[in-house]
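What follows is a short report on a single structure.
Just the heavy atoms: all of them, side chains too, but no hydrogens, waters or symmetry mates, feed the values below. Each chain gets a letter, A, B and so on, in the order the sequences are listed, and its residues count up from 1.
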Protein chains: 2
Amino acid sequence: MEVSAISGTGSRGRYAKGVLRRQQILDRAIEVFADLGFEGTSLRAIGDAIGVSHAALRRYFDTREELFLEVLREKDRQAVTQAHESGLDEMAGFATLAANYAQQAPGLMALRHSMIARALEPRNEHSREFFRDRYRSIRDEALVVLQHARDRGAVRTDIPLDTAAALMIAALDGLSTQWLVDPDVDMQEGMALIEQLLAPAGTHAAP
Amino acid sequence: MEVSAISGTGSRGRYAKGVLRRQQILDRAIEVFADLGFEGTSLRAIGDAIGVSHAALRRYFDTREELFLEVLREKDRQAVTQAHESGLDEMAGFATLAANYAQQAPGLMALRHSMIARALEPRNEHSREFFRDRYRSIRDEALVVLQHARDRGAVRTDIPLDTAAALMIAALDGLSTQWLVDPDVDMQEGMALIEQLLAPAGTHAAP
DNA sequence: GTCTATACAGGGATAGAC
DNA sequence: GTCTATCCCTGTATAGAC
């Protein structure tokens, strides 16, 4: 089946169908996850939602673990794109914006939680490395934001910014956890507080 | 309920054996978990470690989920007892002490992570309520510590302490996560920073 | 290349014998 | 209280149709 996905290129992608199928699997996986949660999103459930057998999924992903990791990779790529487009790295109040972003996607946060839990299994170095690298990456991104903020005089100068970056990511993660198990928890409030704490003495967050 | 597991009372507890067995299951579960992780700690694996079938465990715990929740409940009780004995609620630098405590028990932190992930499943309200209540409880405890610290002038007065309590717990959780997937992350450093941020301007943490 | 059918080992839960 | 046997589900793996 020579299905050309990209119109206008003129080059019939010989594996275009496979590429589309792969993307379809990832999309359906997220949908099924939203309904049935992590445990419920079995390979058979994903296959059923598409109309193929569970064995077919293995043409595209070696393991279920790898399938979910790819979901997370894709969401990360989308988030990076969105952040750059909206100039988030230059924007003040990004901590509360991050909190708001997290609250828009509770399913995604839950999936991350489930996958991190699996990454802590003794023989799952592969997933553990994924999250190790991911956290290093987002700490670096947070560090850049903090440096820009300090340049504007919005962050106190008596603290190590790399530690502050780790702390901000940690606060976001930890507040997400509390919020996921208890909707009464106000993530925005918590992230606003850490922004206030990071600001120089006598400064208040600008609207 | 004539349960008497404590020697010296003179009354032979009719269910003493059952109580001991129950405790034995919990103890072995932790040991097996340390070796095999969460997935590996199946009811059959725990049963094998004791010398009974997996079905026997159901006399003491309705589900595997409940068994692990009881492990966490017990660890929480022990932590509260230890904290009160060492007067932790009066002590300065409790954030870094908490970080140190977390690092002493990576297996326990991993177990909590796995159980929280399961608590996020759509039809697992029971576990979700457990963690919701647990977080409310430890936020309250953190709030008391912060109030005492403020009374001593160790915490700035322009922030809401209940939000600060949630933030400290979140920081501890989030830093734990980063440390679990990357031993290079320094939890103490992160918790020391949030202590510094909470201190009034011009104050430095006393040794 | 893509997919179905099938088999396998292992999981939690459960019923009923002893 | 503990057992065995069983049920249905899971992820993984392979063979072969088309």
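- For B:Glu39 and D:dG11, the CD to C1' distance is 11 Å, given to the nearest whole Å.
- Taking a cutoff of 4.0 Å between a charged side-chain nitrogen and a carboxylate oxygen, B:Asp76 and B:Arg112 qualify as a salt bridge.
- Side-chain atoms of B:Gln178 and A:Arg139 include a donor-acceptor pair closer than 3.5 Å.
- For the pair A:Arg64 and A:Phe38, the cation-pi test (distance below 6.0 Å, angle within 45°) is passed.
- Going from atom CG of B:Leu143 over to atom CD1 of B:Ile169 covers 10.5 Å, rounded to the nearest 0.5 Å.
- For B:Phe61 and C:dT14, the CZ to C1' distance is 18 Å, given to the nearest whole Å.
- Distance CZ (B:Arg118) to P (D:dT10): 14 Å, rounded to an integer number of Å.
- A donor atom on one side chain and an acceptor atom on the other are found under 3.5 Å apart for B:Glu65 and B:Asn124.
- Taking atom CD on A:Glu65 and atom P on D:dT10, their separation rounds to 17 Å, with Å as the unit.
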Every protein N/O within reach of nucleotides 2-4 of chain D N/O, cut-off under 3.5 Å:
residue, atom, partner, partner atom, Å
D:dT2, OP1, B:Arg21, NE, 3.3
D:dT2, OP1, B:Arg21, NH2, 3.1
D:dT2, OP2, B:Tyr60, OH, 2.5
D:dC3, OP2, B:Ser53, N, 2.7
D:dC3, OP2, B:Ser53, OG, 3.1

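- Of the side-chain N and O atoms in B:Arg58, one or more sit less than 4.0 angstrom from OP1 or OP2 of C:dT14.
- Rounded to an integer number of Å, the gap from CZ of A:Phe68 to C1' of D:dT10 is 13 Å.
- Using a distance-only test at 3.5 Å, with no hydrogens or angles considered, a donor-acceptor pair links the side chain of A:Glu195 to the main chain of A:Phe94.
- In this structure, B:Arg22 atom CZ and D:dG1 atom P are separated by 13 Å, rounded to whole Å.
- When the C1' atom of D:dC9 is taken as reference, atom CZ of B:Arg44 falls 12 Å away, rounded to whole Å.
- At whole-Å resolution of the value, CD in B:Glu66 and P in C:dA13 are 11 Å apart.
- Looking at B:Arg64, its side chain has no donor and acceptor atom pair within 3.5 Å of the base of C:dG11.
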